[in-house]
2 protein chains.
Amino acid sequence: MFNFAPRNAKMNQSAEEKIRNAALRVFIQKGSSNCTSREIAREAGMNVALVNYYFRSKSKLFAIIFESVMQDFLKSMVQVFSSELPIREKIRILIEREFEFLGQHPDIPNFVLNELARNPQAIEGFIPVLNMVNESGVFDEAKKLQALGEMRQMDIVQITILIMSNCQYPFMAQPLMKVIHGVSNETYKEHLIAHKTHAVNMVIGYLFPNDN
Amino acid sequence: MFNFAPRNAKMNQSAEEKIRNAALRVFIQKGSSNCTSREIAREAGMNVALVNYYFRSKSKLFAIIFESVMQDFLKSMVQVFSSELPIREKIRILIEREFEFLGQHPDIPNFVLNELARNPQAIEGFIPVLNMVNESGVFDEAKKLQALGEMRQMDIVQITILIMSNCQYPFMAQPLMKVIHGVSNETYKEHLIAHKTHAVNMVIGYLFPNDN
DNA sequence: ACTTGTTTTAAACAACTGTTTAATATTTGT
DNA sequence: ACAAATATTAAACAGTTGTTTAAAACAAGT
């Protein structure tokens with residue numbers, strides 16, 4: 001688990017930790033190429049040379065940060081999918097955990113998708129993690145329920161898109177939506193909380209049309 | 001309307017047009033800060049100095065490109081909202097047009113949201129365009145239908161999020177989804193086409209629960 | 001042909017980039 | 001207390017950045 005603590009959260013961090021946490025903040029806010037080594041060092045309150053002293057190069061530092069962010073990004077998804085709950089509950093809890101996670105780290109989807117759009121092969125190192133979802137058997141479970149007519153007949157790819165769309169986009173579009181409707185930060189946060197219920201009900205209602 | 005034509009589409013473009021179109025392609029693919037003036041010039045097959053000769057500076061060129069992309073990005077949305085159709089049809093056509101637009105320009109949502117995340121005040125110039133949606137009366141129309149119990153009781157902000165999530169995210173997450181499910185470009189495109197129907201049915205079904 | 005204004009070029013500019021170096025400070029083991 | 005290892009610093013490095021300059025090529029009007 002990565003340390004998302006703000007700059008002054010702990011005073012007893014090592015220099016390496018300070019740089020790591022500063023890099024995490026700067027990379028997520030600005031992207032991998034739209035920031036400088038000196039900016040990261042300044043954010044950490046350290047000398048530029050220390051960044052390379054501990055991490056060899058900017059790109060190696062970014063690889064480490066990106067790896068840890070991706071782990072966090074994928075973890076709750078995989079965990080819930082691998083649980084023993086019935087599939088309706090899996091989806092419900094998945095969406096709720098995603099909203100909880102994104103509430104704390106709203107910039108991560110934008111960061112991840114943007115880095116991936118510019119460098120698609122960056123994701124290949126995470127195929128093992130992603131395969132855990134396949135191996136968990138959720139997809140097989142879904143196919144069984146579809147065969148029984150209990151779950152709507154649609155491709156697993158589209159089910160994933162459906163769920164993720166309604167979780168991640170509301171956080172990614174925050175700057176756009178705030179201006180379109182002229183609402184404050186606080187108001188938008190309340191909308192996000194209310195939106196979680198809509199996402200759960202709409203997605204589950206659509207995937208299991210015989211429920212009510 | 002902007003010219004999204006590829007490099008060799010027209011041979012009789014002026015130097016200014018060549019640079020404009022090259023800048024459009026490069027900016028969308030790499031973002032405003034992750035590309036160089038020389039890269040844009042090379043893509044246009046011209047000298048670096050010409051970029052500044054016609055557009056004064058890289059940032060002024062980007063402002064022009066961003067403006068035109070935003071116009072395209074917002075246009076179909078506004079047009080449909082301003083039409084005279086009943087609201088169910090408005091939403092259906094809105095989603096279908098969004099999918100059509102995004103099928104041709106799948107990188108634009110990522111580009112726009114990313115630029116907006118790093119520079120939120122960049123959107124302020126488009127408030128007039130956005131206000132056209134308000135002035136069209138769609139929101140008032142929705143509130144009336146909600147008062148009649150015909151439309152689900154939920155905030156306009158959340159309705160917007162609901163619709164946009166299911167249109168834009170499927171395109172934005174393409175690199176992620178392709179790896180998660182190990183599908184090719186072509187297969188994913190087919191999923192996107194099939195997904196349009198799901199988006200329409202799910203959203204309208206959720207917003208108008210008495211329809212069945 | 002010659003002047004005028006416009007377009008295009010190569011070269012230069014200073015500022016900034018990631019990275020390295022070599023010297024200094026600090027910690028650690030004995 | 002001292003020596004070895006580690007941590008930190010300021011300065012320098014070569015390459016790239018956006019931008020400007022000054023000269024050249026081109027077009028059009030007379």
Side-chain angles (χ1 to χ4, degrees), chain A residues 3 7-8 10-69 111 114-115 118-119 121-122, chain B residues 3 7-8 10-69 111 114-115 118-119 121-122:
Chain A
N3 186 2
R7 189 171 27 249
N8 300 323
K10 295 190 203 168
M11 296 310 288
N12 52 349
Q13 299 176 101
S14 70
E16 187 174 342
E17 283 171 333
K18 280 184 193 165
I19 294 171
R20 232 183 138 92
N21 294 331
L24 178 73
R25 276 177 265 123
V26 174
F27 277 139
I28 286 188
Q29 207 218 327
K30 305 215 169 188
S32 62
S33 353
N34 191 16
C35 70
T36 70
S37 303
R38 285 168 177 81
E39 196 174 354
I40 294 170
R42 201 184 319 127
E43 174 82 9
M46 323 239 81
N47 189 290
V48 208
L50 275 186
V51 175
N52 282 1
Y53 175 76
Y54 283 111
F55 298 95
R56 313 273 309 175
S57 74
K58 187 194 174 190
S59 64
K60 288 207 175 85
L61 172 57
F62 177 75
I64 290 171
I65 299 296
F66 186 71
E67 153 101 24
S68 69
V69 170
F111 169 74
N114 198 53
E115 297 293 338
R118 317 222 179 297
N119 181 18
Q121 73 263 31
Chain B
N3 186 1
R7 190 175 21 252
N8 300 324
K10 297 190 207 167
M11 295 310 288
N12 52 348
Q13 300 176 100
S14 71
E16 186 174 344
E17 284 171 332
K18 279 183 193 166
I19 294 171
R20 232 182 139 94
N21 294 331
L24 179 73
R25 276 177 263 124
V26 174
F27 277 139
I28 286 188
Q29 206 217 328
K30 304 215 170 190
S32 63
S33 349
N34 192 15
C35 70
T36 71
S37 302
R38 284 168 177 82
E39 196 173 355
I40 294 170
R42 202 183 319 128
E43 174 82 10
M46 321 239 83
N47 190 289
V48 208
L50 274 187
V51 176
N52 282 2
Y53 175 75
Y54 282 111
F55 298 95
R56 311 273 309 172
S57 73
K58 185 194 174 190
S59 64
K60 287 208 176 82
L61 172 57
F62 176 75
I64 290 170
I65 300 296
F66 186 72
E67 153 100 22
S68 69
V69 170
F111 169 73
N114 197 52
E115 296 295 337
R118 317 221 178 298
N119 181 18
Q121 73 263 30

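Computed from a predicted model, the values in this text were never measured in an experiment. Every chain is numbered from 1 and lettered A, B, ... according to where its sequence line falls, protein lines coming before strand lines.
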Requested in this report: Starting at SG of Cys35(B), measure out to CD1 of Ile28(B) and round the result to the nearest 0.5 Å.
Outcome: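 Answer for the SG-CD1 pair, Cys35(B) versus Ile28(B), is 11.5 Å.
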Query raised in the report: Quick one: are the ring centres of Phe27(B) and Phe111(B) less than 6.0 Å apart?
Result: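 No - the distance between ring centres of Phe27(B) and Phe111(B) does not fall below the 6.0 Å cut-off.
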Query raised in the report: How does protein reach along nucleotides 6-24 of chain D, written 5' to 3' as B (base within reach of a heavy atom under 4.0 Å), S (only sugar-phosphate), or - (no contact)?
Result: SBBBB-B----BBBB----
Query raised in the report: Going by atom types alone, do Arg25(B) and Asn21(B) pair a side-chain donor with an acceptor below 3.5 Å?
Result: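 Result is no, nothing qualifies.
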Query raised in the report: Among all residues two or more places apart in sequence or in another chain, which pass the side-chain hydrogen bond (donor to acceptor under 3.5 Å, both in side chains) test with Asn52(A)?
Result: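 So Asn52(A) forms no side-chain hydrogen bond (donor to acceptor under 3.5 Å, both in side chains) with any residue.
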Query - Close side-chain approach of Leu50(A) to Lys18(A), heavy-atom, < 4.5 Å - result: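 No - every pair of side-chain heavy atoms lies 4.5 Å or more apart.
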Query raised in the report: For the pair made of CD1 in Ile19(A) and C1' in dT19(C), what is the distance, rounded to whole Å?
Result: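 Result: 14 Å.
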